[in-house]
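Convention: sequence-line order gives letters A, B, ...; per-chain numbering from 1.
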Protein chains: 2
Amino acid sequence: MSTPPAFKRLPRAVREQQMLDAAVKVFSRRGFHAASMDEIAEDAGISKPMVYAYLGTKEELFVACLHREGTRMMQAIAGAAAPDLPADERLWRGLRAFFGFVGAHRDGWAVLYRQARGEQPFAGELATMRARLVEVVAGMLDHALRAEGREIAAIDLEVVAYALVGATESLADWLADHPEADPERTATRMMNVAWLGAGQLLHGVTWRPPAD
Amino acid sequence: MSTPPAFKRLPRAVREQQMLDAAVKVFSRRGFHAASMDEIAEDAGISKPMVYAYLGTKEELFVACLHREGTRMMQAIAGAAAPDLPADERLWRGLRAFFGFVGAHRDGWAVLYRQARGEQPFAGELATMRARLVEVVAGMLDHALRAEGREIAAIDLEVVAYALVGATESLADWLADHPEADPERTATRMMNVAWLGAGQLLHGVTWRPPAD
DNA sequence: GCGTAACCCTACGCACGAGTAGGTATGCTC
DNA sequence: GAGCATACCTACTCGTGCGTAGGGTTACGC
């Protein structure tokens, strides 16, 4: 008998999720380096060796967090923006899903993302994810352009897509820092900037530097 | 007599700059945490206690780096974009100066910037700088709007400005990672996205979400 | 030429936190 | 109810790197 253990034994799959939840929370509050495995373990209501047994080293744990959150986000977006819709509709639904996701996982996503940019071991991981997004956006632009019988250099396409993705990430940061803000409205604002700007380009309007 | 010291004694002001140069270099290569004070000292051709004597702790040193680079950048921009020019001209010159600066300080600026976002002690510092930029951009938009007799809510203005600044930072990252790219061309591309998109807004064109 | 202040060094203390060794209890199978 | 795998723990080791103590040497004023 003796005193029953303060908390129950749980199957591995459950504990792993609890640990990941705790890890995301602590990493986002403290940053990768300042976060300690002890604090993560404590927050998960478990002892440190368990974390090592299930999720491996600190780096591996962080990567696991990145993967889980990244996959969730990608699924949210992909599920909303079906590829057979017209470009503006796709863009709109994708943006709405994206900002909705960020709004629902404010501290989790935003800070994880901010973290990963800085730390070299993970920056690559992130860059790959972003590159995929850029490619999708560039593809949408290209598609819309061809539909209008126009065409611009691939590099310009990529850079414009890059700028749009950057603007979106930036607004996501803003959203994460403004809990009172509405994700839907933010998506609308972004759609305005993106679609109007891109729309001009699509119609062949360009700005040229003055000769000075 | 004895062997003359391998390298000369130098006045404080000079050594401080050498240390800052080294610190920027090492911080940007390794990241804030992975950078060691020993490596910075060695790279500056000096011993560690000197660094502590002149620039203080690691955090203070990093802040000093941020300040120097940030001030340089702000001056480059402010010097180019005189406030009495028309809005499009100001925007163009500001962008050109900005990308020119990033191009000239690629590893220094970009990675310092990427670093500071993630580490909590410095994120605030950076956010302040960005907020100033956003305010300037928002002011330009507002000015241009009023000149056309139009007006939009301050919050929308701020968000659009935020998106533009985000897009610009994103392209700066891209530029820092593409050494072969031309800052001037990048500025032109950004100007296209920004001015065309903003121009639409200025003329009262807006996008509205479909009722679904 | 002598004090004093600025410049600079070698060598260490010490805390913090990642990762582990080795052992205990619980439940499941047959 | 014996055996065994799985869940879980306390209590350590040990490297790494920040920050400093304490002491030398060169220049400069007077």
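- Side-chain atoms of A:K48 and base atoms of C:dG19 include a donor and an acceptor less than 3.5 Å apart.
- Distance from the side chain of B:R15 is smallest for C:dC8 among the nucleotides D:dG19, C:dG19, C:dC8.
- A:M50 comes within contact range of at least one nucleobase, with a heavy-atom separation under 4.0 Å.
- The nearest whole Å value for the distance from the NE2 atom in A:H33 to the C1' atom in C:dA15 is 18 Å.
- Proximity of B:L20 to B:L61: side-chain heavy atoms (C-beta onward) are separated by under 4.5 Å at one or more points.
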Full working for side-chain contact (heavy atoms from CB on, under 4.5 Å) between A:V137 and A:Y162: CA-CA 8 Å; A:V137 173; A:Y162 211 95; over 6 Å; no
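- With distances taken from any side-chain atom of A:Y54 to the nucleotides D:dG19, C:dT10, D:dA7, the minimum falls on D:dA7.
- Crowding of B:R185 atom CZ: a count of heavy atoms from other residues, nucleotides or ligands under 6.0 Å not exceeding 12.
- In this structure, CZ of B:R9 is placed 8 Å from P of C:dC7, rounded to the nearest angstrom.
- Once rounded to the nearest 0.5 Å, the distance linking CG of A:L85 with CZ of A:R93 reads 5.5 Å.
- Residue B:R30 contributes atom CZ, which lies 12 Å from atom P of D:dC18 at whole-angstrom precision.
- Ranking C:dG19, D:dC9, D:dG19 by closeness to the A:S47 side chain, first place goes to D:dC9.
- Note: CG (B:L61) to P (D:dG19) measures 10 Å, nearest angstrom.
- When rounded to the nearest whole Å, the span between CG of A:L55 and P of C:dT20 equals 14 Å.
- When the C1' atom of C:dC8 is taken as reference, atom CD of B:Q18 falls 13 Å away, rounded to whole Å.
- C:dG13 atom P lies 16 Å from atom CG of B:D38, rounded to whole Å.
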A:F101 and A:I77: CA distance, side-chain angles, deciding distance, side-chain contact (heavy atoms from CB on, under 4.5 Å) verdict: CA-CA 9 Å; A:F101 180 88; A:I77 297 177; over 6 Å; no
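- The interatomic distance linking A:F62 (CZ) with C:dG17 (P) rounds to 17 Å, in whole Å.
- Between C:dA18, D:dT20, C:dG19, one nucleotide has an atom nearer to the side chain of A:S36 than all others, and that is C:dA18.
- Nucleic acid contact class of B:A35 (heavy atoms, under 4.0 Å, all strands): sugar-phosphate only.
- Across all strands shown, B:A34 has no heavy atoms under 4.0 Å from either base or sugar-phosphate atoms.
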